[in-house]
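Report on one structure; see the data block that follows.
Below, chains carry the letters A, B, ... as their sequence lines are ordered, and counting in each starts from 1. This one's a predicted model, so the numbers in the text were calculated from it and none came from an experiment.
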There are 2 protein chains.
Amino acid sequence: MLRDQKKKSTREKITRYALQMFKEKGYDNVTVEEIAAACGIAKGTFFNYFPKKEHVLLYVADSYASLMDDIIARHPDGPLKQRVLRILHDLLHIYTQHEELLRLTLIETIKAEIVSGSELTNISNFKNALRRLMEDAGEQDPRQRLSDPELSSGVVVGLFFQTLITLSSKMSEDGIYGSIERQLDAVWEGIGR
Amino acid sequence: MLRDQKKKSTREKITRYALQMFKEKGYDNVTVEEIAAACGIAKGTFFNYFPKKEHVLLYVADSYASLMDDIIARHPDGPLKQRVLRILHDLLHIYTQHEELLRLTLIETIKAEIVSGSELTNISNFKNALRRLMEDAGEQDPRQRLSDPELSSGVVVGLFFQTLITLSSKMSEDGIYGSIERQLDAVWEGIGR
DNA sequence: AGTCATTTATGACCTTGGTCATTTTTTATA
DNA sequence: TATAAAAAATGACCAAGGTCATAAATGACT
C-alpha cells in the first residue's frame, strides 16, 4: 500500500507548508498555487486533498479536538471548578501561543458551525468534551455532581469564546484569563450544583 | 446637493437588492455583477460603495445595532433579570424571523470582530448596549445595582451567542429560548448582584 | 453660459479559487 | 512481465471578486 503512505505524506506536507505560510504571510496573502509549489505538487492536486482552501484550517481544527481531550486528561483531580478553570487556562495559553493560526481556525470553525450546523467542529467538540468531563466527575464523586452538565458546559463555553472574541485584540493573556476567572467565579454558584 | 441624495439612494438600492437576492438565492449564489445589474449600475460602482462584497452585510449588521437600542427601549421596566430575558427573547425572535440573513451577518460580524478586533460590530454593540442597560438600571434603582455590569453583560452575551451558534440548526425558536432562559436562571444569582 | 476641480461611474483587466477532462502512476491479476 | 482497472496528478479552463486608469457627471465660481 505505497499509495496510502504517499497520500498521507502529501496531506501532511500540504498542511505543514500551508500553516507555515499562513502564519508568516497571513491567510489571504497565500495563494493555493504558492502552497502547491512549495509542496512540489500541482494546484489541482491540492484540491484533491482539500475541497476548499479553508478546509486546511478545518482539518487543523479537528486535530485540536483530540488536543482538548489531552488537556482534560492533564487535570485529573481536584474540585471540578478548579479543573475547569485550569483547562480553560491551558486552552487560552495554547490560543495565545498560536494566536494567528487559531484566530483563523476559530473563524472557519464558527463559520462552518453556523452555516451548516456541522457537529464536528471546535465549539461543539469543546462543549461536548466539557460536558463529558462534568458528567464523569459527577459519577466518580457524587458531591461533584452537577444538576445539568449540558447547561453548565454551555455557559462555560459561552463565556470562554465570548471573552476570546471580544478581548483578544486588546488584552494580554493574563488579562483575558483574569476576566474568564472572574466570570467563572460569578457563574459557578449557579451552574455548579 | 443632488450628489448626496443620489449617493444615499444608490447605497440603499444596493443593500435592498443585495439582501433581497441573498435571501432568495443564498449569499454565494449571487454575484456582484447580478446585484449591480439589478440596481442598474456597473460592477465597478458597487465597489465604490462597498470595498468588499461582504461589507453589505456588515453595513446591515451596523443597522441592527440601533435596533438593539430599540428593543431595549421596548422593555423599560420590571426587574432587571426579566428585562434582560425579554430583550433576549425579542432578539431571538428577530433572529429566527430573518434567519438566513442574520446567519450571514452573524458570520461576517464575528469574522470582522476576530480578525480586526473592530469595535463597531454586532457582538460588541450588543454587549455594550446590555452593559449600559445594566448600569442605568443600577443608577435608577439602587436595589437593581449589579456589582460588575461589564462581567454580567459578557456572560449574558456569551450564553446567548453560544446557544445560537450551537443550537440554531437543530432546535425551534422555543427550544432555543428555553435553553437561554434556563441558562440565565442558573447564572443570574452569580452575576445579578 | 463657460470653465475648472472634484466626485462618481465605468468597463477592461487581473488574480485567484475552484472544476474537469485527460494523462500518469499504482495496484492487482494472469 | 504484460495488461487492465482504479486511483491520483495535472494543467488548461472558467467564474467571480476586486483594481484601476479613464470618462462622465456634478458643483462652485466667474
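Atom NZ of A:Lys6 is separated from atom P of D:dA8 by 11 Å (rounded to the nearest Å). Distance CZ (B:Phe46) to P (D:dA16): 14 Å, rounded to an integer number of Å. For A:Ile14 and D:dA9, the CD1 to C1' distance is 11 Å, given to the nearest whole Å. Straight-line distance from the NZ atom of A:Lys25 to the P atom of C:dT16: 9 Å, rounded to whole Å. Across the protein-nucleic acid pair, A:Tyr27 atom OH and C:dT16 atom P stand 13 Å apart, rounded to whole Å. Residue B:Glu33 contributes atom CD, which lies 16 Å from atom P of D:dC14 at whole-angstrom precision. If you measure from atom CD of A:Glu34 to atom P of C:dT15, you get 13 Å, rounded to the nearest angstrom. Atom-to-atom, CZ of A:Phe22 to C1' of C:dG17 comes out at 12 Å; the value is rounded to the nearest Å.
Between the base of D:dA9 and the side chain of A:Asn48 there is a donor-acceptor pair shorter than 3.5 Å.
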For nucleotides 11-13 of chain D, tabulate all protein N/O to nucleotide N/O atom pairs closer than 3.5 Å, reporting atom names and distance.
none

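Within the structure, salt bridge (charged side-chain N to carboxylate O under 4.0 Å, His left out) contacts touching residues 27-52 of chain A (residues at least two apart or in different chains) are A:Lys25-A:Glu34.
For B:Lys13, there are no salt bridge (Lys or Arg N to Asp or Glu O under 4.0 Å) partners at least two apart in sequence or on another chain. Listed by chain and number, the residues in a salt bridge (Lys or Arg N to Asp or Glu O under 4.0 Å) with A:Arg182 are B:Asp148 (sequence neighbours excluded). Considering only residues two or more places apart in sequence or on other chains, A:Arg86 meets the salt bridge (Lys or Arg N to Asp or Glu O under 4.0 Å) condition with none of them. Considering only residues two or more places apart in sequence or on other chains, B:Tyr59 meets the ring pair (Phe, Tyr, Trp, His ring centres under 6.0 Å) condition with B:Phe50.
Not one side-chain nitrogen or oxygen of B:Lys52 sits closer than 4.0 Å to the OP1 or OP2 atom of D:dG17. Considering only side-chain N and O atoms, A:Lys53 lies nowhere under 4.0 angstrom from the phosphate OP1 or OP2 of C:dG18.
Residues A:Ser9 and A:Gln5 have side chains that never bring a donor and an acceptor to within less than 3.5 angstrom of each other.
Residue A:Tyr49 is classed as a sugar-phosphate contact, given heavy-atom separations below 4.0 Å to backbone atoms only.
Side chain of B:Phe47, nearest nucleotide from D:dT10, D:dG18, C:dT16: D:dG18.
Taking the centre of each ring, A:Phe161 and B:Phe161 stay at or above the 6.0 Å mark.
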